[in-house]
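The shown structure was predicted, so the numbers you read here are calculated from the model rather than taken from an experiment. Quick note: numbers below take in every heavy atom, side chains included, and nothing from hydrogens, waters or symmetry partners.
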Amino acid sequence: MTSSASLQGATVVLASASPARLAVLRAAGIDPVVRVSAVDEDAALEALAGEPEPVRVARLAAAKADAVIAALQEESRERGTSERGLRPSDTAENPFLHGDLVVIGCDSMLLLDGRLQGKPADADEARRRWAAMAGRDGLLLTGHAVRRVVDGQVVAAAEDTGSTVVRMGRPSRAELDAYLATGEPMAVAGALTIDGFGGWFVEGVDGDPSNVIGLSLPLTRRLLAGIGVRVTDLWRRPTG
């Protein structure tokens with residue numbers, strides 16, 4: 001395996017459309033390229049119906065990371081060019097063409113009453129979920145998958161699931177109406193988050209709060225170490 005010391009300056013790809021995950025990474029010193037996968041989450045979860053819930057979310061995160069890698073590989077084939085012949089603009093458009101790449105995929109679900117809950121389909125579903133979970137504890141599961149790619153080939157992979165207990169509050173009807181009107185509950189797993197409007201209605205968390213936001217920093221660090229990557233080598237370099 002390539003030495004982790006060579007990772008300085010490597011491109012990090014976040015295989016997620018989540019602005020919250022992007023914000024977590026940026027606040028922690030990493031500026032990733034965002035590439036969104038085309039994975040059908042509902043179909044992928046259905047195919048894993050017999051697996052334990054933590055395994056299902058981890059495999060869904062892995063499916064997203066692998067789908068992004070496959071799409072970048074296809075782009076490289078279509079261009080039919082080597083890294084040596086790339087223009088700077090080509091490299092910016094397709095980070096996969098760099099020599100060393102780290103891909104991070106994530107997927108979050110709320111486990112309540114033995115059922116995994118992703119993003120609600122609409123405001124009515126979000127309202128029903130809050131009626132069921134207000135004043136209770138739920139388990140926020142986030143699957144994490146990391147891949148190291150060198151010269152277009154996956155050379156190391158790891159995945160695992162982070163779990164955090166979330167203690168939900170009891171918003172009043174007027175508060176819940178206002179929260180639903182923001183649109184935020186429909187964009188997050190379990191119809192709640194702690195880093196936005198929803199933070200007003202979460203009494204507390206037991207475990208890693210960054211996992212609730214969608215990307216556990218300590219778990220990601222451990223997974224990266226497992227594939228020979230020091231997270232500190234991925235931090236942005238001071239300027240000036």
Side-chain angles (χ1 to χ4, degrees), residues 7-41 44 57-79 83 86-109 118-119 140 142-150 152 154 156-162 183-184 186-189 193-196 209-221 223-224 227 229 231-237 239:
L7 264 288
Q8 292 193 4
T11 297
V12 177
V13 176
L14 176 62
S16 171
S18 167
R21 291 186 181 116
L22 176 61
V24 168
L25 283 177
R26 284 179 171 168
I30 294 176
D31 296 314
V33 174
V34 174
R35 296 295 297 254
V36 182
S37 77
V39 170
D40 185 332
E41 296 185 22
V57 292
R59 290 188 180 174
L60 186 51
K64 291 181 176 181
D66 293 339
V68 165
I69 291 171
L72 290 170
Q73 287 173 328
E74 180 61 25
E75 288 180 15
S76 297
R77 285 192 291 268
E78 289 177 354
R79 292 186 182 196
E83 185 179 8
L86 289 176
R87 300 185 304 276
S89 59
D90 293 328
T91 302
E93 291 167 4
N94 188 351
F96 186 79
L97 297 172
H98 284 283
D100 220 326
L101 191 73
V102 174
V103 180
I104 303 172
C106 300
D107 190 81
S108 296
M109 295 274 177
K119 300 173 184 176
L140 200 292
T142 298
H144 295 67
V146 297
R147 304 288 188 259
R148 185 172 177 187
V149 184
V150 177
V154 177
E159 57 202 60
D160 201 353
T161 297
E184 182 183 272
M186 283 69 77
V188 290
T193 185
I194 62 172
D195 62 323
S210 65
N211 186 64
V212 182
I213 299 172
L215 191 150
S216 168
L217 292 175
L219 176 55
T220 302
R221 180 181 62 82
L223 290 174
L224 289 172
I227 63 170
V229 177
V231 71
T232 53
D233 286 339
L234 303 178
W235 291 352
R236 75 177 68 90
R237 299 300 163 208
T239 58

Pick from L101, V13, V149: which one makes a side chain to side chain contact (heavy atoms under 4.5 Å, CB included) with I69?
V149
State, to 0.1 Å, how close [X] and [Y] come at their nearest heavy-atom pair, and which atoms those are.
X: V36; Y: A17; answer: CG2-CB, 3.6 Å
X: S108; Y: A189; answer: O-CB, 3.3 Å
X: I227; Y: A156; answer: CB-CB, 3.6 Å
X: G105; Y: A61; answer: O-CB, 3.6 Å
X: I30; Y: R236; answer: N-NH2, 4.0 Å
X: A15; Y: V103; answer: CB-CG1, 4.3 Å

With a 4.5 Å limit on heavy-atom distance, are the side chains of [X] and [Y] in contact?
X: N211; Y: H144; result: yes
X: P32; Y: I104; result: no
X: V229; Y: V146; result: no
X: P218; Y: S210; result: yes

If you measure from [atom1] on [X] to [atom2] on [Y], what distance do you get to the nearest 0.5 Å?
X: L219; Y: L224; atom1: CG; atom2: CG; result: 9.5 Å
X: K119; Y: M109; atom1: NZ; atom2: CE; result: 9.5 Å
X: T11; Y: D31; atom1: OG1; atom2: CG; result: 11.5 Å

Which residues pass the side chain to side chain donor-acceptor pair (under 3.5 Å) test with T220, sequence neighbours left out?
none
Set of residues satisfying side chain to side chain donor-acceptor pair (under 3.5 Å) with respect to T161, sequence neighbours excluded:
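T161 satisfies side chain to side chain donor-acceptor pair (under 3.5 Å) with no residue once adjacent residues are dropped.
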Check for a donor-acceptor pair, side chain of [X] on one end and backbone N or O of [Y] on the other, with a separation under 3.5 Å.
X: E159; Y: G143; value: no
X: R21; Y: G214; value: yes
X: T193; Y: G196; value: no

Show me the pairs that pass salt bridge (Lys or Arg N to Asp or Glu O under 4.0 Å) and involve residues 62-72, at least two apart or across chains.
E41-K64, K64-D107, D66-R147
